[in-house]
Amino acid sequence: MAMLVLDDIRKVYPKGPSLVAALRGVNLSVSKGEFVCITGPSGSGKSTLLNIMGAVDWPSSGRYLFEGRDLSRLTDAEMARFRNRRVGFVFQSFNLLVNLTALENVCLPLTYRGLSRKESRARALEALSRVGLSDRANHYPDQLSGGEEQRVAFARAIVTEPDLLIADEPTGNLDSHAAGQVVRLMKEANARGTTVVLATHNLELVEVASRHIVLQEGTIRLDSAS
Amino acid sequence: MVLSERPSLAKARLALQSSVFVGCGLASFLLASIIHVRAGALTEISADLSVAKPDAVAVYVYKGDSYGLTPEELRELAARLGASATVAGFTQPVGVVGTPDLRYLHYVGVTENYFSVLGLRLQSGRLPREYGECVLGAAVARETALGTAGLHRHPWLETPLTVVGYLQPATGTIAPPASSPPDFGDITPDTCVFCWERIPRVLYPHGDTLESPGLHVLVEPKPGQQPHTIVESAREFVLERYPGAGVLVGVGSVLQMTLRAVQGNLERHYAYLAGTYLLLVSLVVVNLTLYDIARNWREIALRRCLGATRLDVWARQASAPLLLSALGTGAGVVFAALWGGRLADALGLPWDDCGTAAVVPIVLVLVLIATLATSLKATSIPPNARLHGPAFRARRHRLDVRKLLACGTLALAVACMLIVTACGRSGLLEMKRLLAAAGENVVLVRLPLGADELSAECSSVLSHTLPPSYKVARQTLLHLPLEHGGRVREVPVYGVEGSFLELRGWTIARRDGKRSDGPGSGECYIGSTLYRVLFAEADPVGQQVLIAGKRLRIAGVVAERPSQILDLMSDRDSSVIVCLDDLTDVALVRAQTGAPDVWVAAPHSVELSEALDVVASRLTSFTDVHVEPLVAGIQALATARRAGTTFLTAFSLSGLVIAAFGVSACFAALSLDRRRERAIRRVLGATKRTIRGMVLRESCALGLTASGIGALVGMVVSLVVWRAQGWPDPFVADLLLVAVTASLVVALTSLLPTALDLSKENLHELLRTGE
């Protein structure tokens, strides 16, 4: 059974007086445990698609079913709870909070889940050690290298043990060594059963994915699964 | 060019710009008002008195233990000013004598020019030119038949005075209102005896001798000369010789100086408020500039890339706040000029239209400093900053300067509000005390200065003719030296007679014997505070103190005034109460006060108007006696103070509104920086409610911190003010509660625009661009 199903998803943005269509009827289903790599030129709708999958954005039309449940009917608070418990995010620009230490950054989703401080810290430390940064737990983001920042972001994404890991250009700002580390971490997460959806310009990453989707002008031009 | 601006940010910018404009306007209005009120006071006094030529300059010199210049120094000053001015000298009135025929006489030593500067003319005779010569004011000459012979006989003058001339009545002099007896302040040319600059030596009965005192200066500029240049030259001249001296310089008559000193209080309040406003405005200007820099960071970097110099950037950042400030300042000055007069009329303040252009540079220079200093930050932005897209890595800063600014702005406004409200309330409380102490049925019979015998007669007549239920007493107040244990200090001394203590409700905590009336001759009661100062815990009863050279035995201690009990004499706890007879000689010599007032307390069953009629009816045969309810004068004072307090409080509240603008803009600017943070938090599972809660907590913390700091500063400053004034403590829980609530309300309402914008944020757009 598919974990997530996108049924004729369309997304339109107002831009000045006119409307811009970012997605033009995307149909897609992703099964649990898949490693999906989405590629496409800039402006093809990759990030928009990931945002809708991660419940960060709403489609203008169409249905988004996650394990059979229509997410478009959820309230804002329910969406927040869904993101917190089911989805992990990794961004190109890391998006760490600069005033928090690495450990505090990783604790953040657990705090919103309502876990105790003690338990949050224990789980965050475990996640940090999984990405090899337990010794950098008390460093602030501006004291870390780009690769380390992205690994902290990755630890933050997996600390809640999400079902779906969404990565938007996770290696875009990293050198090849750091990018390799991040890719390895994604593969490990996928091996543990986490569904990974990755958007990238880097065609080398297609090799590590189990499925490759090419997006162009808001529509799926190629899906290796079909 | 602005690269992009979201509506919410435009609102923040508008709020800041409005607050700069309004703040500058209000500050300028206040400053301009000070000038108008000062000019009004001078004009009013000049119009009332007309005793001096309007552009005459008066210079008071205080040298610590003495005052005034020597005649030689006066001549040096005249030589320095040269032909541009006429210089005259005068002493302060050095003697006041009460006699049955001549109620008050002020001896003033003057130089020959004094009369021409003041516009006084001789009716007959000539001006005094030698020691012992004098001319008489018109009232003195008219109301007495003393002439030369009378003045010869005066026992306190070492040298017989020779009257060499008589002055014409001064035109336009202040005439004491018919219903009010003259007091010490009513010194007019008609009521003085003008001696040569070295006045006759005065011998006081208890041994003091008054030598010729120093001369204060009156300068009349020649036509075409500006008074302010004279003022500066005179001040410079005095400070060259007496570097530490206090110099009080003003334009107008001698009497204006006294009244201006009173007026100065009002001006000080205005000036403090205007200063606070300017500070608030400066803070808001700093906020605006910082906000602009944060908003235009990328644009500034781009401009630098395209070749803009640091100076270009600096000038660009400074232009908007300066333009707004200039507009606001102009509006404030124009408003003050056009409509301030009406407001002043409503408040009973003197007002005169005058040029207030000087205000504009004052405000602008301050704003300029704030703007230019803050704009320097913009010049530190490197050309490559923020041009690398969302990967730009912000540096962490745990202590945000804008939070400090917001907190400081709010704290300042709260402190300002608290100070004004507390001091106003304190003053009003004092007035209420006075009013309450005045009672509903106390009638005061006031008498002219020196009319001691008349006072005694009035008291006697009233005691014998009023029903027994009416209490009659006499009281006078002097400030005299008290010597005890080798130390001399000046204390208020109440001379009382009759049932004054009973009438006032003062009780004696410790006493010698069981008398319930006032102290007997040669005895005194002391206030509880004075008792603690002089005797610590030792029993003072039976001990002796020396008051104005007279040895008095302490017969009791006046019970401390309970804090909630209101009393007319707020200084009673630190005063000495003596028998009126023991003060008679002293009173005549010192002449610090009028004749003892006669107090009449009617029974509670009698209406005040009826009591007034009854008392007045018993005194129909007396002239120059003024019967009034005790509350009347206090009510007049209270009304004026209430109006002033309301006015200042309104302005302080508007300061709070300005602060609200500033704080709102601070929040918006902070929000601008933290959009990405909020987006990240929301992606990680925080709901909008959680985010709102987070922002709410932060603003509450800021509001509470600001109110705490503001309340503390406000309390300390207010404490200093009302202690100095001797007013009661106005701080009760509700005042502090109002201050804290006000700052919280400001913090929360300032947050409202930002909080509303939170719900409109596009999560994925924020994540993508961080902006």
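Each chain gets a letter, A, B and so on, in the order its sequence line appears, and its residues count up from 1.
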Would you say that more than 12 heavy atoms from the other residues, nucleotides or ligands in this model lie under 6.0 Å from the CZ of A:R192, or not? yes
Around atom CD of A:E204, are there more than 12 heavy atoms of other residues, nucleotides or ligands at under 6.0 Å? no
Between A:L50 and chain B, with a heavy-atom cut-off of 4.5 Å, which part of the residue counts as in contact: side chain, backbone, both or neither? neither
With a 4.5 angstrom heavy-atom cut-off, which part of A:R156 approaches chain B: side chain, backbone, both or neither? side chain
What pair of heavy atoms forms the shortest contact from B:T687 to A:A80, and how long is it? CG2-CB, 3.4 Å
Would you name the heavy atoms of B:G685 and A:N84 that are closest together and state the gap between them? CA-CB, 3.5 Å
Enter the distance from A:R113:CZ to B:L684:CG here, rounded to the nearest 0.5 Å. 11.5 Å
